[in-house]
Amino acid sequence: MWWYGDVWWLSTLYLFGPRWVVLLPLAVLIPSAIWRRGPFAPLLVATVIILGPVLGFRTGWRTWLGGADQPDDIRVVTFNTAGGWNVGSQEVATLLTLRPDVIAIQECSLEDVDLMREATDWFVHSSGGSLCLVSRYPIDGVAQQEREPVQYAGGSGWVIRYAIRTPIALIQLTNVHLDTPRSGFEQVRAGRVALGAQDLASKSVLREIESRRARRWVDEGDGPFLVTGDFNMPVESVIYRRYWGDLTNAFSRG
């Protein structure tokens with residue numbers, strides 16, 4: 001998973017699939033060890049390894065400490081609306097109870113933009129396509145990366161960098177929506193394994209190109225930066241670690 005996820009199609013399948021299947025041997029081995037009265041130590045070690053590095057189990061201990069936001073904290077909400085909310089102002093009000101400073105939206109519709117403008121007096125930017133940004137602070141600049149090179153190959157390639165004037169500093173926030181390997185998974189699920197494997201392999205190449213271009217776009221901004229959005233890959237992905245692994249993942253840290 002760590003070495004070949006998003007490189008080899010079978011590892012990619014496991015990377016995005018249900019990881020609990022690796023617990024199934026324990027359902028046989030633990031009763032067998034109880035019946036034979038040992039050995040328990042190897043099973044305990046195996047269980048810890050599976051729950052930790054493999055399944056990514058986290059206690060969330062930082063949330064136990066609580067604590068108020070610091071003066072230089074910026075609270076960001078990122079939200080893929082799956083093609084538009086089609087909901088009312090009450091849901092927007094619920095979103096605002098999260099006390100965000102910036103809301104980055106993917107698959108944003110014009111209705112979403114209108115809802116946010118009605119619910120807040122914040123700064124709103126729409127790409128007219130997939131990405132929107134709602135900011136408590138002024139948006140001083142917008143730079144969208146050219147999509148055609150990856151779009152022509154069937155990718156997503158939505159990458160927009162915003163200059164946001166916060167009370168602390170002018171920060172660069174990049175909102176991304178990168179391509180998904182979903183079509184390959186659907187082929188495998190339908191029993192077309194060979195086609196699914198080919199699709200996953202070609203999608204991995206395309207998704208790496210997308211991440212490489214997106215990270216270059218991020219680095220071209222000046223000053224401190226944040227990257228948010230829908231990466232369509234978990235943190236164990238080789239592609240993620242190659243192009244985004246040097247950054248602090250706020251979700252994993254939290």
Side-chain angles (χ1 to χ4, degrees), residues 1-33 41-59 78 80 82-83 106-107 130 147 149-159 176-216 218 227-253:
M1 179 179 69
W2 286 92
W3 295 341
Y4 296 104
D6 270 336
V7 174
W8 181 38
W9 74 270
L10 197 57
S11 295
T12 304
L13 196 67
Y14 177 69
L15 178 68
F16 285 85
R19 301 179 188 177
W20 56 263
V21 294
V22 296
L23 287 170
L24 292 178
L26 293 177
V28 175
L29 294 173
I30 290 178
S32 177
L43 293 179
L44 179 61
V45 172
T47 302
V48 170
I49 292 174
I50 290 172
L51 291 178
V54 178
L55 296 184
F57 179 76
R58 295 180 176 89
T59 62
T78 177
N80 186 326
Q106 303 84 47
E107 298 195 23
S130 177
R147 293 184 61 223
V150 292
Q151 189 181 21
Y152 181 78
S156 173
W158 282 104
V159 183
V176 306
H177 188 188
L178 305 181
D179 200 25
T180 172
R182 183 189 304 116
S183 58
F185 301 146
E186 291 172 345
Q187 295 274 22
V188 173
R189 188 175 183 180
R192 298 184 287 270
V193 177
L195 288 175
Q198 183 179 1
D199 195 311
L200 287 172
S202 60
K203 279 289 186 181
S204 289
V205 174
L206 178 59
R207 290 165 56 234
E208 175 161 13
I209 293 172
E210 275 193 330
S211 274
R212 183 170 65 243
R213 295 181 75 248
R215 182 57 196 268
R216 187 185 305 137
V218 169
V227 188
T228 188
D230 187 352
F231 290 77
N232 267 314
M233 66 184 83
V235 295
E236 298 92 348
S237 161
V238 170
I239 297 174
Y240 178 91
R241 289 184 287 119
R242 182 174 296 158
Y243 296 104
W244 311 106
D246 62 313
L247 307 181
T248 299
N249 186 298
F251 185 82
S252 296
R253 182 173 176 82

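The closest side-chain heavy-atom distance from Ile50 to Leu26 is below 4.5 Å. Looking only at side-chain heavy atoms (C-beta outward), Val21 and Tyr14 come within less than 4.5 Å of each other. The shortest side-chain heavy-atom distance between Tyr240 and Leu15 does not fall under the 4.5 Å cut-off. Side-chain contact between Trp244 and Arg215: present, with at least one pair of heavy atoms (C-beta onward) separated by less than 4.5 Å. At a threshold of 4.5 Å between non-hydrogen side-chain atoms, the residues Arg242 and Glu208 count as touching.
No salt bridge links Asp6 with Arg241; every basic N to acidic carboxylate O contact stays at or beyond 4.0 Å. Ion pairing of Glu236 with Arg19 is present here, as a side-chain N (NZ or NE/NH1/NH2) and a carboxylate O approach within less than 4.0 Å.
Remark: Ile239 CD1 to Ser211 OG distance equals 6.0 Å, nearest 0.5 Å. We find the CD1-CG distance between Ile49 and Leu55 to be 12.0 Å, quoted to the nearest 0.5 Å. Within the model, atoms CD1 of Ile209 and OG of Ser204 stand 11.0 Å from one another, a figure rounded to the nearest 0.5 Å. A distance of 8.5 Å separates CG in Leu200 from CZ in Arg207, rounded to the nearest 0.5 Å. Atom OG of Ser237 and atom CH2 of Trp2 lie 10.0 Å apart (nearest 0.5 Å).
Sparse packing is recorded around CD of Gln198, with 12 or fewer heavy atoms of other residues, nucleotides or ligands lying under 6.0 Å away. More than 12 heavy atoms of other residues, nucleotides or ligands sit less than 6.0 Å from atom CZ of Arg212.
Annotation: ring pair (Phe, Tyr, Trp, His ring centres under 6.0 Å) contacts involving residues 184-210, sequence neighbours excluded, comprise Phe16-Phe185.
Remark: side-chain polar atoms of Arg253 are not paired, donor with acceptor, to backbone N or O of Thr248 under 3.5 angstrom. At distances below 3.5 Å, at least one donor-acceptor pair connects side-chain atoms of Ser156 with backbone N or O atoms of His177. Using modelled atom types, one side-chain atom of Thr12 and one backbone atom of Trp8 make a donor-acceptor pair closer than 3.5 Å. Checking side-chain atoms of Ser252 against main-chain N and O of Asn249 turns up no donor-acceptor pair under 3.5 Å.
The two residues Gly5 and Ser11 make their nearest non-hydrogen contact at N-CB, 3.8 Å. When every heavy atom of Ala197 is checked against every heavy atom of Val188, the shortest pair comes out as N-CG2, 4.5 Å. Nearest heavy-atom pair across Pro149 and Arg213 is CG-NH2, 3.8 Å. The two residues Gln106 and Val176 make their nearest non-hydrogen contact at CG-O, 3.7 Å. Across every non-hydrogen atom of Gly154 and Leu206, the tightest pair is C-CD2, 3.8 Å. The shortest heavy-atom contact between Lys203 and Asp179 is NZ-OD2, 2.6 Å.
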Side chains of residues 227-234: which donor-acceptor partners sit under 3.5 Å, not counting sequence neighbours?
residue: Asp230; atom: OD1; partner: Asn232; partner atom: N; Å: 3.1
residue: Asp230; atom: OD2; partner: Asn80; partner atom: ND2; Å: 2.8
residue: Asn232; atom: ND2; partner: Leu178; partner atom: O; Å: 2.8

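Gln187 meets the side chain to side chain contact (heavy atoms under 4.5 Å, CB included) test with Arg192, Leu195; sequence neighbours excluded.
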**Message:** Let's go through Val193 and Trp9 carefully: what are the C-alpha distance in whole Å and the side-chain angles of both, what is the deciding distance for side chain to side chain contact (heavy atoms under 4.5 Å, CB included) to 0.1 Å, and is it a yes or a no?
**Reply:** CA-CA 10 Å; Val193 177; Trp9 74 270; 3.8 Å; yes
